[in-house]
K.L.:
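What follows is a single structure, and I will ask about it in a moment.
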Amino acid sequence: MATNNGDVLMLEAAPVATKPWASAANAEVIDALPYIDDDYGNPLIKAEVDRLVEEEMRRSSRKPADFLKDLPPLPKFDFENCPVLGKEYERVRAGKPPVRIDFESRYKHELPPANKKNDDAAWKQHLHKTQRSLQQKMIELENLEMMSKHGPELWRQNNHRLDVFLTRMQRLAQEQNEEIEKVNRERKYHQQTTAYELNALSQEWRQLCVKNMEIQSACAVLETQIDSLKREAAERGWNLEEKLECVKPLQSQ
């Protein structure tokens with residue numbers, strides 16, 4: 001139901017937006033007064049409301065699996081400039097485990113086999129592996145020395161940064177909670193302030209409904225009486241239409 005100027009009345013749903021995510025003005029508005037509506041506390045009403053909600057969810061065409069259907073599509077990733085990242089993306093997308101880097105075979109120290117005891121190439125390869133393993137151990141020792149020397153101060157600096165970040169996040173969370181509490185207090189105040197007016201209007205609406213029902217019942221009684229009088233006049237042979245035509249000129253005078 002809509003008026004000529006396009007205003008939407010209460011019985012008509014809001015127009016469906018083509019892009020619900022485009023603007024906050026298209027967000028769904030839930031009409032509820034939780035601070036003064038206590039009907040849901042009644043177990044019978046709660047059971048009926050839950051039943052209606054479940055029935056509507058069963059009849060709904062939108063299932064939980066496609067709740068992202070109205071959102072814009074995700075952009076397609078292009079890994080032309082980074083093929084390694086593209087392969088990793090496809091691996092994660094396929095659900096495959098990551099490729100494990102084998103450091104043991106690279107730095108493992110093994111002598112040439114017995115059949116290559118006199119092979120110079122095998123001993124040279126063994127020498128290169130031993131040099132790599134030695135260099136790796138030297139780098140590990142240097143890292144340990146640097147960690148023991150500079151590690152505590154770095155950890156203290158890192159902990160300080162984390163404390164500063166935690167303090168900032170806690171302050172932002174507290175500000176958001178205060179804003180939420182402020183909005184809730186305003187909602188509660190406005191709802192409780194207008195509760196008296198809403199109750200008065202509801203009571204007036206009920207009285208008008210009762211009065212309309214009484215008028216409708218009285219009209220039905222009168223119509224029954226008129227039909228009875230018409231049948232009685234017809235049984236006596238009276239022509240009520242001629243009598244009414246004679247009465248009309250007298251009323252006009």
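It should be emphasised that the depicted structure is a prediction, and the values quoted were computed from it without experimental measurement. Just so it is clear, the values below take in all heavy atoms, side chains as well, and ignore hydrogens, waters and symmetry mates. This chain uses plain numbering: 1 for the first residue, then up along the sequence.
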K.L.:
Between atom CE of M57 and atom CG of L52, what is the distance when rounded to the nearest 0.5 Å?
P.N.:
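These two atoms lie 13.0 Å from each other.
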K.L.:
Could you tell me whether the side chain of N199 and the main chain of A195 form a donor-acceptor pair under 3.5 Å?
P.N.:
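Yes; at least one donor-acceptor contact below 3.5 Å.
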K.L.:
Once rounded to the nearest 0.5 Å, what's the spacing between atom SG of C219 and atom CD of E214?
P.N.:
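Interatomic distance, C219 SG to E214 CD, rounded to 0.5 Å: 12.0 Å.
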K.L.:
Is the shortest heavy-atom distance from the side chain of L172 to the side chain of R168 under 4.5 Å?
P.N.:
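SC-SC contact between L172 and R168 confirmed.
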K.L.:
Is it true that E55 and R58 have a side-chain N and a carboxylate O under 4.0 angstrom from each other?
P.N.:
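No, no charged N to carboxylate O under 4.0 Å.
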K.L.:
Are N158 and W155 close enough that some pair of their side-chain heavy atoms sits under 4.5 Å apart?
P.N.:
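Contact flag for N158/W155 side chains = yes.
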K.L.:
Determine whether more than 12 heavy atoms belonging to other residues, nucleotides or ligands lie under 6.0 Å from atom CG of N177.
P.N.:
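Result for CG/N177: enclosed.
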K.L.:
Is a side-chain donor-acceptor pair under 3.5 Å present for Q136 with E140?
P.N.:
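Yes, because at least one side-chain N or O of E140 sits under 3.5 Å from a partner of the opposite role on Q136.
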K.L.:
Drop me the distance from E204's CD to E197's CD, to the nearest 0.5 angstrom.
P.N.:
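One gets 10.5 Å once the value is rounded to the nearest 0.5 Å.
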K.L.:
Are there over 12 heavy-atom neighbours, none belonging to E153, within less than 6.0 Å of that residue's CD?
P.N.:
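Yes, the 6.0 Å shell around CD holds more than 12 heavy atoms from other groups.
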K.L.:
Among all residues two or more places apart in sequence or in another chain, which pass the salt bridge (Lys or Arg N to Asp or Glu O under 4.0 Å) test with R231?
P.N.:
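R231 satisfies salt bridge (Lys or Arg N to Asp or Glu O under 4.0 Å) with no residue once adjacent residues are dropped.
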K.L.:
For Y89, check ring pair (Phe, Tyr, Trp, His ring centres under 6.0 Å) against everything at least two apart and list the hits.
P.N.:
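Ring pair (Phe, Tyr, Trp, His ring centres under 6.0 Å) list for Y89, sorted by chain: F77, F79.
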K.L.:
Compare every heavy atom of Y189 with every heavy atom of T193, then report the nearest pair and how far apart it is.
P.N.:
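The answer is OG1-O, 2.6 Å.
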K.L.:
Does CE belonging to M169 count more than 12 external heavy atoms closer than 6.0 Å?
P.N.:
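More than 12 heavy atoms, drawn from other residues, nucleotides or ligands, come within 6.0 Å of this atom.
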K.L.:
Other hydrophobic cluster members with I215, side-chain heavy atoms of Ile/Leu/Val/Met/Phe/Trp/Tyr under 4.5 Å, chained?
P.N.:
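I215 shares its hydrophobic cluster with no other residue.
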K.L.:
What residues, two or more places apart in sequence or in another chain, satisfy ring pair (Phe, Tyr, Trp, His ring centres under 6.0 Å) together with W123?
P.N.:
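Expected list: H126.
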K.L.:
List the steps and the verdict of side chain to side chain contact (heavy atoms under 4.5 Å, CB included) for H160 and R156.
P.N.:
CA-CA 6 Å; H160 177 69; R156 280 192 292 268; over 6 Å; no
K.L.:
Measuring from L201:CG to R206:CZ, what's the distance to the nearest 0.5 Å?
P.N.:
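Reported value, rounded in 0.5 Å steps: 11.0 Å.
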K.L.:
Mind checking whether E175 and E179 have side chains closer than 4.5 Å, heavy atoms only?
P.N.:
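Not in contact.
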K.L.:
Report the C-alpha distance between Q225 and V221 in whole Å, list the side-chain angles of each, state the deciding distance to 0.1 Å, and finish with yes or no for side chain to side chain contact (heavy atoms under 4.5 Å, CB included).
P.N.:
CA-CA 6 Å; Q225 293 177 356; V221 173; 3.7 Å; yes
K.L.:
Does E54 have any salt bridge (Lys or Arg N to Asp or Glu O under 4.0 Å) partners at least two apart in sequence or in another chain, and if so, which?
P.N.:
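Applying salt bridge (Lys or Arg N to Asp or Glu O under 4.0 Å) to E54 gives none.
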K.L.:
Is any side-chain N of the basic residue among E48 and R51 closer than 4.0 Å to the acidic one's carboxylate O?
P.N.:
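R51 and E48: salt-bridged.
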K.L.:
Does some side-chain heavy atom of E178 sit less than 4.5 Å from a side-chain heavy atom of K182?
P.N.:
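A side-chain contact is absent here, since even the closest heavy-atom pair is not under 4.5 Å.
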K.L.:
Would you give the length of the straight line joining atom NZ of K188 to atom CD of Q192, rounded to the nearest 0.5 angstrom?
P.N.:
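CD of Q192 is found 5.0 Å from NZ of K188.
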K.L.:
Do K129 and Q125 have side chains that get closer than 4.5 Å, going by heavy atoms?
P.N.:
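K129 reaches Q125 side chain to side chain.
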K.L.:
In sequence, state the C-alpha distance, the side-chain angles, and the governing distance for R91 and E88, and then conclude on salt bridge (Lys or Arg N to Asp or Glu O under 4.0 Å).
P.N.:
CA-CA 5 Å; R91 180 194 65 78; E88 186 67 13; 2.3 Å; yes
K.L.:
When you measure from the side chain of T224 to the backbone N and O of A220, does any donor-acceptor pair fall under 3.5 Å?
P.N.:
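Checked: pair present.
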K.L.:
Could you walk me through whether V53 and V49 pass the side chain to side chain contact (heavy atoms under 4.5 Å, CB included) check?
P.N.:
CA-CA 6 Å; V53 171; V49 170; 4.3 Å; yes
K.L.:
Donor-acceptor pair, distance only, cut-off 3.5 Å: does the side chain of S148 make one with the backbone of L144?
P.N.:
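Present.
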K.L.:
Rounded to the nearest 0.5 Å, what's the gap from CG on N212 to CD on Q207? Could you check?
P.N.:
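Result: 12.0 Å between the selected atoms.
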K.L.:
Can you name the side-chain contact (heavy atoms from CB on, under 4.5 Å) partners of Q191, sequence neighbours left out?
P.N.:
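Once residues adjacent in sequence are excluded, the partners of Q191 under the side-chain contact (heavy atoms from CB on, under 4.5 Å) criterion are L33, P34, Y35, I36, R187.
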K.L.:
Main chain of D163, side chain of T167: is a donor-acceptor contact present, judged purely on distance under 3.5 Å?
P.N.:
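The answer is yes, because a donor-acceptor pair under 3.5 Å joins these two groups.
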